[in-house]
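Residues take their numbers from the sequence shown, with the count starting at 1.
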Amino acid sequence: MATDPATEAFVAHRNLLFTVAYEMLGSASDAEDVLQETWLRWVGVDLDQVRDQRAYLVRVTTRQALNRLRTMKRRKESYVGPWLPEPLLTAPDVADDVELAESVSIALMLVLETLSPTERAVFVLREVFALDYEEIAAAVDKSQAAVRQIAHRARQHVEARRPREVVSASESRAVVESFRRALETRDLQGLLDVLAPDTVLLADGGGIKQAAQHPIVGADKIVRFILGGTGKTKETITVEPTVVNGNPALFLRLDDEIDGVMAVHVVAGRVAGLYYVRNPEKLAHIAAEIPLTRG
């Protein structure tokens, strides 16, 4: 069945637009809403007046995402406990793109949370998608000179906070597998061996499921928290390896029901960060792979 040119163009760029929105928002649900808003505006456009359809769609998506970011800021202020990005089950080709995998990792997306909405938009469009300053200026409604300054400031901010060491995918998988085995068997020494002394655990229950209300810092405290929690339950716990946001992660199941997703950040051969999403409202996009792309 033939489709109209507007639909064809939107479908052709949909994965890119979703990736832009998700990187700006950290929420797949909100990214989907942004795409719907972008589509509603796109169908009313005279295509003969659009010189570059991809650039136009990215511009509209960015503006809608900026509006949504400001709304989300108010939601996060009343959020119960730590707020973590919504995890995505990603296709293998996301992990193959090292820069894309890093940019959507939970660890880096938490760094992006510390930027202002405009700084985040500029950083994402420039550093991840390599848009030129003219395109970015049009998307964020700033002058090119202002965008250059914002980009420089955002880059410095992120560089000061981003993970320093690039770990190979094979090393990350090996460390995560060691952690998985120790977690599933409740192996105290095994957990202490694989966790860095200053490991940080963040748990997001959203006030719906029980979770630590504050970050837990230190291998000893994390092990006590994990083993204390799993020791109280009578359900059978299984831990399965997966790939979330382009990086190794774990599915935790209680009696075959998904309890949550744990993203794992590896540095120097040990676990340096654990990001455990239990909020069921954030687990809607782990049933099927989500295609992310920079192209």
Side-chain angles (χ1 to χ4, degrees), residues 6 9-28 30-42 44-47 49-73 76 85 88 94 97-105 107-162 245-246 290-295:
F10 188 84
V11 170
H13 297 299
R14 189 188 188 284
N15 292 344
L16 167 66
L17 302 179
F18 177 86
T19 308
V20 169
Y22 176 73
E23 292 229 19
M24 286 183 59
L25 301 170
S27 165
D30 285 282
E32 292 285 1
D33 288 344
V34 162
L35 259 62
Q36 180 64 25
E37 292 159 2
T38 299
W39 164 252
L40 291 174
R41 283 159 177 77
W42 177 242
V45 169
D46 180 357
L47 296 188
Q49 303 300 313
V50 178
R51 178 171 55 86
D52 184 333
Q53 294 182 348
R54 177 182 183 273
Y56 188 97
L57 283 164
V58 168
R59 183 161 69 246
V60 175
T61 299
T62 300
R63 288 176 175 172
Q64 296 307 311
L66 277 170
N67 292 338
R68 183 62 60 117
L69 258 181
R70 296 177 180 114
T71 302
M72 289 176 67
K73 186 173 185 290
K76 290 173 188 175
L88 303 180
V94 175
D97 184 338
V98 176
E99 290 185 5
L100 178 60
E102 186 203 10
S103 72
V104 296
S105 69
L108 188 63
M109 294 195 80
L110 283 174
V111 174
L112 298 185
E113 285 292 316
T114 63
L115 296 170
S116 72
T118 301
E119 286 174 338
R120 185 166 184 169
V122 170
F123 180 87
V124 166
L125 294 178
R126 181 65 182 170
E127 300 298 320
V128 181
F129 297 97
L131 267 63
D132 62 39
Y133 289 112
E134 182 181 3
E135 289 179 284
I136 300 171
V140 301
D141 198 23
K142 301 280 186 184
S143 69
Q144 289 189 51
V147 165
R148 287 178 186 274
Q149 290 181 333
I150 294 168
H152 178 71
R153 186 169 64 243
R155 192 181 307 114
Q156 284 187 319
H157 182 96
V158 172
E159 286 298 328
R161 294 162 177 80
R162 80 191 309 161
N245 291 50
I290 302 293
L292 301 177
T293 181
R294 293 190 296 160

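- Taking every heavy atom of both residues into account, Pro85 and Leu110 meet most closely at CD-CD2, 3.8 Å.
- Minimum interatomic distance between Ala121 and Thr62 (heavy atoms only, all atoms of both residues): CB-CG2, 4.2 Å.
- Annotation: the span from Leu40 atom CG to Leu35 atom CG amounts to 11.0 Å, rounded to 0.5 Å.
- Under the salt bridge (Lys or Arg N to Asp or Glu O under 4.0 Å) criterion, Arg59 pairs with no residue, sequence neighbours left out.
- Once rounded to the nearest 0.5 Å, the distance linking OG1 of Thr61 with CD of Glu37 reads 10.0 Å.
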Query - Residues Arg63, Val58; criterion side-chain contact (heavy atoms from CB on, under 4.5 Å); working and verdict - result: CA-CA 9 Å; Arg63 288 176 175 172; Val58 168; over 6 Å; no
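- Annotation: salt bridge (Lys or Arg N to Asp or Glu O under 4.0 Å) contacts involving residues 141-152, sequence neighbours excluded, are absent.
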Query raised in the report: side-chain contact (heavy atoms from CB on, under 4.5 Å) between Ile150 and Phe123: does it pass, once the steps are laid out?
Result: CA-CA 8 Å; Ile150 294 168; Phe123 180 87; over 6 Å; no
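- Of all non-hydrogen atoms in Ala6 and Trp39, the two that sit nearest each other are O-CZ3, 4.1 Å.
- The only member of His157, Glu119, Arg161 that meets side-chain hydrogen bond (donor to acceptor under 3.5 Å, both in side chains) when paired with Thr114 is His157.
- Between the side chain of Thr19 and the backbone N or O of Arg294, no donor-acceptor pair lies under 3.5 Å.
- Contact record, Ala65 with Leu25: O-CD2, 3.5 Å, taken as the closest heavy-atom pair.
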Query raised in the report: Does the side-chain contact (heavy atoms from CB on, under 4.5 Å) test come out yes or no for Val50 and Asp52, once each step is laid out?
Result: CA-CA 6 Å; Val50 178; Asp52 184 333; 5.7 Å; no
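- In this structure, Phe10 CZ and Thr38 OG1 are separated by 6.0 Å, a value rounded to the nearest 0.5 Å.
- The two residues Asn245 and Tyr22 have their closest heavy-atom pair at ND2-OH, 2.8 Å.
- Screening residues 123-133 for salt bridge (Lys or Arg N to Asp or Glu O under 4.0 Å) gives Glu127-Arg155 as the qualifying pairs, with residues at least two apart or on separate chains.
- Residue pairs meeting the salt bridge (Lys or Arg N to Asp or Glu O under 4.0 Å) criterion with at least one member in residues 108-117, sequence neighbours excluded: Lys76-Glu113, Glu113-Arg120.
- In terms of the salt bridge (Lys or Arg N to Asp or Glu O under 4.0 Å) criterion, Arg41 has no residue partners (sequence neighbours excluded).
- In terms of heavy-atom proximity, Ala28 sits nearest to Leu88 at CB-CD2, 3.5 Å.
- Annotation: the span from Arg51 atom CZ to Tyr56 atom OH amounts to 13.0 Å, rounded to 0.5 Å.
- Scanning for salt bridge (Lys or Arg N to Asp or Glu O under 4.0 Å) contacts around Glu134 gives an empty result, with sequence neighbours left out.
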